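Structure first, then comments.
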Protein chains: 2
Amino acid sequence: MTQLDLEADTTEHPSKLGRKRDHTRDPEILDAALEVLAETGYDGMTIDMVAARAKAGKATLYRRWPSKGELVIDAVACMKKGDIDYSQLPDTGTLRGDLLAMIKPHSIEDGEKKLQIMAGLMSMLSRAPELAEAANAAIVEPRATANRILMRRAIDRGEIAADCDIETLSLISPSMAAYRVLILRKPVDRKFLVSLIDGVLLPAVGLGRPNDTRREEG
Amino acid sequence: MTQLDLEADTTEHPSKLGRKRDHTRDPEILDAALEVLAETGYDGMTIDMVAARAKAGKATLYRRWPSKGELVIDAVACMKKGDIDYSQLPDTGTLRGDLLAMIKPHSIEDGEKKLQIMAGLMSMLSRAPELAEAANAAIVEPRATANRILMRRAIDRGEIAADCDIETLSLISPSMAAYRVLILRKPVDRKFLVSLIDGVLLPAVGLGRPNDTRREEG
DNA sequence: TATATACGGTACTAGACAGTTTCGGATCTT
DNA sequence: AAGATCCGAAACTGTCTAGTACCGTATATA
């Protein structure tokens, strides 16, 4: 209690005394935590590693977060940045064109890094269920949402049937990419994603199977 | 070297002296390890937990496996038992019938338990890549193989087109179930699996979308 | 019977790590 | 200037656990 008051002061009432906490360091520390998390996993990660990576003192970290667990939860929750901008989704006129346009090297690279973070979090998910939700919201849900938007557009323009199971279909590529990275430990490359689009998604919505779209190469 | 000879004797040459090692305890210990692994994950698992669960002494474990890591690797490698019998796959005459017949409470329960083990292994996969392969072979690949067989049969009897991407399609239900259990922390129930079959798999192979198979309930 | 090893159980050793404290110095308010 | 709080760095504490050693007992060979 007595010790915690020192920390709580900053939030309870604006104490004016002393040097101010440099909050520009917060994101640097959180990013360092995410890097270590992706590289070593939650249990392998030590506070010293994070502090060293962020060129900060250990006490600085404990002044801001009460425990290792809270630090990680905060880091995951603040990860959303640099994600997909739904107002800038491709609009090529066809569903296939839109889905293919979503495949960009940067997007693949970013996705793999985030899935590595997810892998590092895995052991923690059973202990902190709310983290599962946060991680899903930050890592896979944005991509599923993008797919959902593109498919709904395709329905609106009459390209595909209105009774397609969009909710399930939009989860296919994120979840299969997760499976591939987390369990198979194989890279998610363009060829894999194209085969998902042409071999599963488009046939499932009634496109691609009638017309012979074999021999498609990425 | 000198100490290891005691262990190695049993394999190098049949030493006749002393009480024999009770190898009927091996599977009991390995099963205990898998249980603890599923419940607490690799890093949370301690040798004492496994020994207590198996009602064995810690020394007994270290007499048989040189380290915690080797024990876990062995436990995962010996997990294949109780898995799908490919000679007993359903054969209802239709792909949909076969896929639905694969959904059994025992199969679901077993699958979820194995995915919990997979979750517990996650943090170890980056350190022991060969374990990723073993875990995949024991946990998800059997189900993908079953799907492959059922779909190939459907091709052979002319029910679906021969150019379907079976390799990718057979991975859909295992990988989406893994995503659902590991990341979403939601149960894999019959309804979910049926929606995969009717909303994705069958439409993707050219069945189910033309005829209106909506309002299917599990 | 004598010897050697396995068994379950317990005590011990050594190292790693979360979290705390201390220190010299920097930065803020009053 | 004074006092309070921040900073990075490092020392320190308490706990946890992998792995080892030893105990008394059970079971095997010779």
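Each chain gets a letter, A, B and so on, in the order the sequences are listed, and its residues count up from 1. This is a predicted model, so every value here is computed, not measured.
Under the salt bridge (Lys or Arg N to Asp or Glu O under 4.0 Å) criterion, R19(A) pairs with no residue at all, not counting sequence neighbours.
Rounded to an integer number of Å, the gap from Y42(A) OH to dC17(C) P is 13 Å. We find that CG of D48(B) is positioned 11 Å from C1' of dG9(C), with the value rounded to whole Å. Between the P atom of dA18(D) and the CZ atom of R127(B) lies a distance of 12 Å, rounded to the nearest Å. Rounding to whole angstrom units, CG of residue D22(B) and C1' of dT25(D) are separated by 16 Å. Atom CG of L17(B) is separated from atom C1' of dT1(C) by 14 Å (rounded to the nearest Å). At whole-Å resolution of the value, NZ in K68(A) and C1' in dA16(C) are 11 Å apart. A straight line from CG of L71(B) to C1' of dG19(D) spans 13 Å, rounded to a whole angstrom. Computed from coordinates, the Y62(A) OH to dT22(C) C1' distance equals 17 Å when rounded to whole Å.
Donor-acceptor pairing under 3.5 Å is lacking for the side chains of D43(A) and S123(B). Side-chain contact, D165(A) with S195(B): no donor N or O sits under 3.5 Å from an acceptor N or O. Judged by distance alone, the side chains of R180(A) and S175(B) never bring a donor and an acceptor atom under 3.5 Å apart.
Proximity of R19(A) to the phosphate of dA26(C): no side-chain N or O atom is located under 4.0 Å from OP1 or OP2. For dA28(D), the OP1/OP2 oxygens have no side-chain nitrogen or oxygen of K20(B) closer than 4.0 Å.
Residue R21(B) has its side chain nearest to dA6(C) when only dA6(C), dG19(C), dG8(D) are considered.
Toward the 5′ end of DNA chain C lies the nearest nucleotide of R25(B), the other residue of the pair R25(B) and T46(A) mapping further downstream. Summary of the strand contacts: G18(B) and G44(B) both lie near DNA chain D, and taking for each the nucleotide with the nearest heavy atom, the more 5' one is attributed to G44(B).
Salt-bridge check for R148(B) with E141(B): passed, with a basic side-chain N closer than 4.0 Å to an acidic carboxylate O. Taking 4.0 Å as the cut-off between side-chain N and carboxylate O, E39(A) and R53(A) count as a salt-bridged pair. Under the 4.0 Å criterion applied to side-chain N and carboxylate O atoms, E130(B) and R185(A) are not assigned as salt-bridge partners.
Across residues 49-61 of chain A, K58(A), A59(A) each have a non-hydrogen atom less than 4.0 Å from an atom of DNA chain C (numbered order).
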